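Presented below is the structure to which this report refers.
Each chain gets a letter, A, B and so on, in the order the sequences are listed, and its residues count up from 1. Given the structure is predicted, the values throughout are model-derived calculations rather than measurements.
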Amino acid sequence: MNWVGIALASFFGAVLSALGMGGGGILLIYLTVYLGVQQQPAQGINLVFFIPVAVVAICIHAKHKLIRWRVVLPCVALGLLGVWGGSRIALALDSHLLSKLFGGFLLVIGIRELFTKGKKDNKSSEKTE
Amino acid sequence: MKQADKKKKWLSLPLGLAVGALNGLFGAGGGMVAVPMLRWLGLESDESHATSMAVIFPLAIASGLIYLHAGQFQISDALPYLPGGLLGAVCGAWLLPRLKTLWLHRIFGVVILFSAGRLLLQ
């Protein structure tokens, strides 16, 4: 096992996830592009990886009073339906095709990231700058 | 103003659907929709980034269980990644209120584009 690669991919993926920057893709990319894991198992591993990472990050964010719990429930409600539909499609697709679709999705995200204006300053960040 | 807020809350439902669909389809990427959606609902930038984690958390559990049930992987496959992940989570959460993320977005974008290229061309 390449422990350096594992440590780097998991660490930076989690940092970006906790920052809310969509870092969940980092580990998934590492698994599929560099380790050659098939797309569906890699996605499953990435999802399970995210769960304890999210628990830690959510606890810290909640302590800093950054989570608005009232908007979470409506977002999640239909989100669960989306999860069911999305995963059914993913599990039915050929792994190679799903990998290409994911590559296309990353292309869109990558371009968006290059042109994003970044996190806007707000009251909480003004205190520490 | 109240009617506009109510309308926004209703519109958060189909946006939540998109977040869940991406999460289920790709096992990642839901945050890319969740963060701007939460900003649009009126949350501050830091709050959007933080709250997106709380939105995606239950969706990731649901997706993970579906993939696990389908026999795509075993939980033990994810264990080697947990130590680095937990450390990264602490660091990232500590950084969120302190960091201007513009350059992180640029670096992340380059990494993502390089990986997209590898996936599309392999």
Using non-hydrogen atoms and a 4.5 Å limit, figure out which bit of A/L98 sits close to chain B: side chain, backbone, both or neither. both
Given a strict heavy-atom distance threshold of 4.5 Å, which part of A/I6 is in contact with chain B: side chain, backbone, both, or neither? both
Exercise: identify the closest heavy-atom pair between B/L86 and A/P52: CD2-O, 3.8 Å
Can you label the angle between the A/F105 ring and the B/F26 ring as parallel, tilted or perpendicular, going by 30° and 60°? parallel
Verify whether one side chain among B/Y67 and A/Q43 offers a donor that lies under 3.5 Å from an acceptor in the other. yes
Member of B/T51, B/L38, B/I56 meeting the side-chain contact (heavy atoms from CB on, under 4.5 Å) criterion with A/V72: B/T51
If we only count heavy atoms from C-beta on, is the B/L15 to A/C75 side-chain gap below 4.5 Å? no
Does B/R106 make a cation-pi contact with A/F115 (under 6.0 Å, within 45 degrees of the axis)? no
Are B/I61 and A/L47 side-chain neighbours, meaning at least one heavy-atom pair lies under 4.5 Å? no
Is the CD1 atom of B/I75 crowded by more than 12 outside heavy atoms at less than 6.0 Å? no
Exercise: identify the closest heavy-atom pair between B/G27 and A/N46: O-ND2, 2.8 Å
Any non-hydrogen side-chain atom of B/V19 less than 4.5 Å from a side-chain atom of A/V76? no
